[in-house]
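Below: one structure, written as structure tokens.
Quick note: residue numbers are just sequence positions, from 1. In this text, all values refer to a predicted model and were calculated from it rather than measured experimentally. Atoms within each ligand, like the ligands themselves, are counted from 1 in listed order.
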Amino acid sequence: MQFWKKLTQEQRQQRIQLALQQNVNFSKDASLGYPASKLDSRVFNDDAPFLKDAPTLQTYVANPNNIGCHTFGTSEKAFSGTQEIEREVLNVIAVDIFKAKENEFDGYIAPGGTEANIQALWIFRNYFFNTYNAKPDEIAILSSEDTHYSIPKGSNLLQVEWLKIPVDFNTREIQKDQLEQIVENAIQNGKKYFMAVANMATTMFGSVDDPDIYSTVLERHNVPYKLHIDGAYGGFVYPFSNPNSNINFSNPKISSITIDAHKMLQAPYGTGVFICRKGLIENVLTKEAEYVEGMDLTLCGSRSGANAVAVWMILFTYGAYGWYEKISVLQMRTQFLCQELDQLNIEYFREPFMNLVTIHSENIPETIAEKYDLVPQQHNEHNKWYKIVLMDHVEVEHLTTFIADLKAAING
Ligand SMILES: *Cc1c(COP(=O)(O)O)cnc(C)c1O
């Protein structure tokens, strides 16, 4: 671990204080030109005593704007302190967790995984436009049918067709022969450029796609392609539970990754992380963004520097080993639930390195699903699955009462 350390409360507080000092201070400095200020002081008092020991809330009240991309070129001077905090977060995620080389990636903290995924598709689409003079109908997006709906959303926005690859009902694995067939048909119908999205844990099943399935098929057909990893769900779990994984930037075929800090890292909403290799993000430069110092290479405009601080605080409170321990506990709870289900002969899907169990719905009475807020795959009569996500607040005690209820319902 090059960047990821565990810091004491005092060290963390000092680091964030320094960052806030390096930003413009709307309480003291004569800052006339920005349509920005600290939060309204009639509502958000900036010298409330509890703020002293709460760096994230302090930043929230100071209200810095981390607009733009801070791994590339120059940036807005007024918020250089919280931009640096953002770079420290990106270094931990890109270099320490996802094995990029230092200074060889670009990225930013997006409002969410949806934007981070669409940012990837937008970059790839424009890369094909700029590099090959491609037309929109010559480009296709490939991903499994279990893919998050942000991909069809991006397909609709960017006007690039999405080709959905079927998965096996029980293993949730991409059906290779179907993928082969779909790519072949697409090429016959005039598609020349492909962007594939592999999941590092799908939302409903926690299944992890093998990204090499896409690169193998696309290289066999000799077509230009780009490969994105959607790690919105599993990005803070899978690399720790499966340290030998090479679904990261050590795989030269992978161009970009989405990781949500507001799911498994338990950061506040507004912390989807986008990271890509150098040389790509320029494809979405908006030249017209002249009032923003430096270049705007992001889909959103303004975004809070407090989000960067919140993610930074979590990462540097745990440190790499602390986080590894937390994930190990979630893995043990998942294991416990699976053993109990095995004893009841209840069928389920579980990716061995994920904290998610998706149970065949025929085994779960509706009353139990309702009582425990289990999430169905489909909110209608065709539903076949219910999922249980082993989050921090889902403890073994909850699981034992769930299992007892389930047993009673089945036997009664
Ligand atoms: C949640 C999720 C997203 C979208 O993330 P938001 O932060 O809700 O925009 C994308 N992909 C996967 C796999 C997800 O689980």
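Although no hydrogens or angles enter the test, the distance criterion places no donor-acceptor pair under 3.5 Å between the side chain of R125 and the main chain of F129.
Here T82 contributes atom OG1 and N23 contributes atom CG; the two are 3.5 Å apart, rounded to the nearest 0.5 Å.
Near ligand 1, G112, G113, T114, N117, H148, S150, A201, T203, D230, A232, Y233, D260, H262, K263 each place a heavy atom less than 4.0 angstrom from the ligand.
For K5, the salt bridge (charged side-chain N to carboxylate O under 4.0 Å, His left out) criterion is met by no residue, not counting sequence neighbours. R172 meets the salt bridge (charged side-chain N to carboxylate O under 4.0 Å, His left out) test with D146; sequence neighbours excluded. Partners of E76 under the salt bridge (charged side-chain N to carboxylate O under 4.0 Å, His left out) rule, at least two apart in sequence or in another chain, do not exist in this structure.
Salt-bridge formation is detected for the pair D392/K326: a Lys NZ or Arg NE/NH1/NH2 atom is positioned less than 4.0 Å from an Asp or Glu carboxylate oxygen.
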